[in-house]
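Just below is one structure, and these are the notes that go with it.
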4 protein chains.
Amino acid sequence: MKADSPKTDQKGRKILREALKVFAKEGFRNADVQVIADLAGVGKGTVYRHFGNKEQLFLATSRHCLTEAGEFIQREVLSGRDPIGFADEIGAVPLLRRIATAYAQHYQRQPEAVEIMIQERSEFRETVFPSHLMHRAEHREGLDELLRRAVERGELRAVDVTQATDAFADLLFGTVVNGCLSGGKTSLVARVEGAVELFLHGLAARDE
Amino acid sequence: MKADSPKTDQKGRKILREALKVFAKEGFRNADVQVIADLAGVGKGTVYRHFGNKEQLFLATSRHCLTEAGEFIQREVLSGRDPIGFADEIGAVPLLRRIATAYAQHYQRQPEAVEIMIQERSEFRETVFPSHLMHRAEHREGLDELLRRAVERGELRAVDVTQATDAFADLLFGTVVNGCLSGGKTSLVARVEGAVELFLHGLAARDE
Amino acid sequence: MKADSPKTDQKGRKILREALKVFAKEGFRNADVQVIADLAGVGKGTVYRHFGNKEQLFLATSRHCLTEAGEFIQREVLSGRDPIGFADEIGAVPLLRRIATAYAQHYQRQPEAVEIMIQERSEFRETVFPSHLMHRAEHREGLDELLRRAVERGELRAVDVTQATDAFADLLFGTVVNGCLSGGKTSLVARVEGAVELFLHGLAARDE
Amino acid sequence: MKADSPKTDQKGRKILREALKVFAKEGFRNADVQVIADLAGVGKGTVYRHFGNKEQLFLATSRHCLTEAGEFIQREVLSGRDPIGFADEIGAVPLLRRIATAYAQHYQRQPEAVEIMIQERSEFRETVFPSHLMHRAEHREGLDELLRRAVERGELRAVDVTQATDAFADLLFGTVVNGCLSGGKTSLVARVEGAVELFLHGLAARDE
DNA sequence: CATGAATGAGTTTTCATTCAT
DNA sequence: TATGAATGAAAACTCATTCAT
């Protein structure tokens, strides 16, 4: 629970940074712990001392990515304000847009994190809920609550908020996973923003 | 001397069937070809004789999944009719709904195929475009065209059809990948249908 | 003992011809019987029907090479005459020269046979006595006898003929094995002839 | 941290020693690295850690044999003296005799090394020049120079020294390769010495 | 604590040989 | 008699993990 000593932690950070690169490039199974150790400039034993085994190293890497993503999004979207209050202030729709944009920006800047996300799903069958969507909302309740209030307020249609949260997360996930492969055609940000706009306003004509 | 497809192919089919199970359960790297051979009731050499190596075996498995999915969806959605003409007849929105439902039904029935899809993305960096969404639309042009006509007809909002196609595919992909893990809570079909409904009509209230 | 049917033997010949190429190029262990069968245009089973197993196929190839070499040398050197009588007629020294030259010519024309010879020594520990040095002298007695008479006649120094035969054979063997690798610098024939000349007349000055 | 040569190398030495036995007995292709590891009392991984792969292990073995042979011959023949100077002193003919004898002694004592030599030729097509014939003469120039001076001095006949060097080496090689198989009949040393004597003084009678 | 040499279980792949057709 | 699909024993090589220094 407690942070490592300020000095040693440096080493852990370095290992994690290199592990990210290697896992992203090679995949979990194919990655060689020796390579990670070498890149981090430490002995293999040190890696094992810090993280126990390869699996835990991967999981730590994944957690680290999530934390970083969460922090980035929180910073970009909220700038320290309370999400629920902020939503009430600027509206849920603009907030969801900001979330999506920040989300895309982050993964555009760090495509390796997408690979980690996918690896975790594929190797460990972990649900890929972009839990870092909201500040500290490791358990999605934040998003649910936000939507609920917006529905009550009439800003959003009267939908099942659980379903809506799932759909929003699934859309972001799917877009980022496929979008980060599509070379340089469109930026990931543009793709995500386009998709979210459709999601917000619907594909069907409204007069129907 | 004898043709390979009708009867003899039986053995290849069997191998593919078991490979699907094993790859889905263990993941590509972790899967042991020996296990596949044993389950298929053939020698390991036979597997290699048929598929060359592990990678090609996996790719063949993946292709097989895609083909089956495509055939199922085609059957369910179109029943032999021409997709474009059919869309003109019943409307693009109902057609997209049918596609999504069939898509979900298929993967609900065969969750292993989802794992294969994810493995392929994770191991081989293959874009996961649900190319089998439409009959013979191995190149998504079908869906694009369908949407284009619906936009002209005024059935859909005047959106960028390329973006819309991407978003629709990404949404299906994301929902299926995450949905098939969520135990039995909600059926995958319900989740997908809910998500698509949102996508079609929008999350935001219309008066905005 | 009896030759195969005049028709089927054709097939055996073809197999042997291709086996020679493959064994020479790949080495005994590394050679793939399937490749030989393919090149010979027959099924793998046919190869086994004709030669029993890989080892016997190799040995048959080797024997075939030896036979061909023997026949060539016999033709070149003796033109049908009796070796002993012929030596009495033209002298042992000229005869040994002719043998060496023919020997070198043969292996220069068919370097694969050198590889086979080496493989046999290396894989099966067979003494590599160029038994084909003389017509029908599969058992070197021919050469011994020839030298013995030349010694008696005073043509050759009073040496141990057994030793001399061995040395002559060893020299030819060593020269051919190393000479066929030395690219195109000197022809194998020149190298062998040079070596034999030294062997005949000695390296040391005669006044000693 | 610690040097690799003096003490730790012990393990590498042991592996090499056992590899020599196994390669000699089984041949390169037929040899099983596991067996070598077992005999050396180390894990298979250790063998691979030290030598990279089977081929490099073999090549290291071969190099080791050559080094040992070279050192032995140098010691026996020269006892630390300069080869050229020594030849001037005792004469080239006695020196060549000493070389041949030492050469034969070495391989008589270590017949495995002959097998390695043959394997290398057969598997890797390496020219088998007994480069270790002379002290530090990894490039035969030593022998060439030695003969040149002896020719000038009138000790040897006016022959092409390059040809003579080749012939001498080929003769030694051929004799050793065939001689070490001939059971215990004659010692390898006797066979080589006999062959070299013939080579030095010629087979033909001198009056011719 | 850090290190990296040592280990050996685990996997892929090859190919000689067989045998049903 | 000819074939080539099927087989599985065999072997090279890798790499997570341990532990003596």
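Chain letters run A, B, ... following the sequence lines, proteins first and then strands; every chain starts at 1.
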ask   = Is any side-chain nitrogen or oxygen of B:Lys44 closer than 4.0 Å to OP1 or OP2 of F:dG8?
value = no
Backbone N/O of C:Arg29 and side chain of C:Lys54: donor-acceptor pair under 3.5 Å:
yes
To the nearest angstrom, the CZ-P distance between A:Phe51 and F:dT17 comes to 14 Å
Of C:Gly52 and B:Asn53, the one whose closest nucleotide on DNA chain E sits nearer the 5' end is B:Asn53
Rounded to whole Å, the CG-P distance (B:Asn30 to E:dA9) equals 18 Å
>> So does D:Leu57 get a backbone contact from the side chain of D:Thr61, meaning a donor-acceptor N/O pair under 3.5 Å?
In response: yes
When D:Val42 and A:Gly45 are each assigned the nearest nucleotide of DNA chain E, the 5'-most assignment goes to A:Gly45
In Watson-Crick or G-U wobble terms, with both distances under 3.5 Å, the base opposite F:dA6 is E:dT17
Check: Any side-chain N or O of B:His50 less than 4.0 Å from the OP1 or OP2 oxygen of F:dA6?
Finding: yes
By nearest-nucleotide position on DNA chain F, the 5'-leaning member of D:Glu55 and B:Gly41 is B:Gly41
d(B:Phe124 CZ, B:Phe58 CZ) to nearest 0.5 Å is 5.5 Å
To the nearest angstrom, the CD-C1' distance between A:Gln34 and E:dT7 comes to 14 Å
C:Val33 has its side chain closest, among F:dA12, E:dA16, E:dT12, to E:dA16
To the nearest angstrom, the CD-P distance between B:Glu26 and E:dG10 comes to 14 Å
Of E:dT17, F:dA6, F:dA12, the nucleotide closest to the side chain of C:Lys54 is E:dT17
Under-4.0 Å side-chain N/O to phosphate OP1/OP2 contact, A:Arg49 with E:dC1
no
Under the 3.5 angstrom rule, does the side chain of D:Gln119 hit a backbone N or O of D:Phe28 as a donor-acceptor pair? yes
Rounded to whole Å, OH of D:Tyr48 lies from P of F:dT14 at a distance of 8 Å
Here the distance between atom P of F:dT3 and atom CG of C:Asp38, to the nearest Å, is 11 Å
Separation of E:dA20 atom C1' from B:Lys11 atom NZ, nearest Å, is 11 Å
Answer yes or no: are there more than 12 heavy-atom neighbours, outside C:Lys25 itself, under 6.0 Å from its atom NZ? no
A:Phe58 atom CZ is separated from F:dA16 atom P, nearest whole Å, by 14 Å
Would you classify B:Ala37 as touching base, sugar-phosphate or nothing, given that sugar-phosphate means primed atoms plus P, OP1 and OP2, and contacts are heavy atoms under 4.0 Å?
nothing
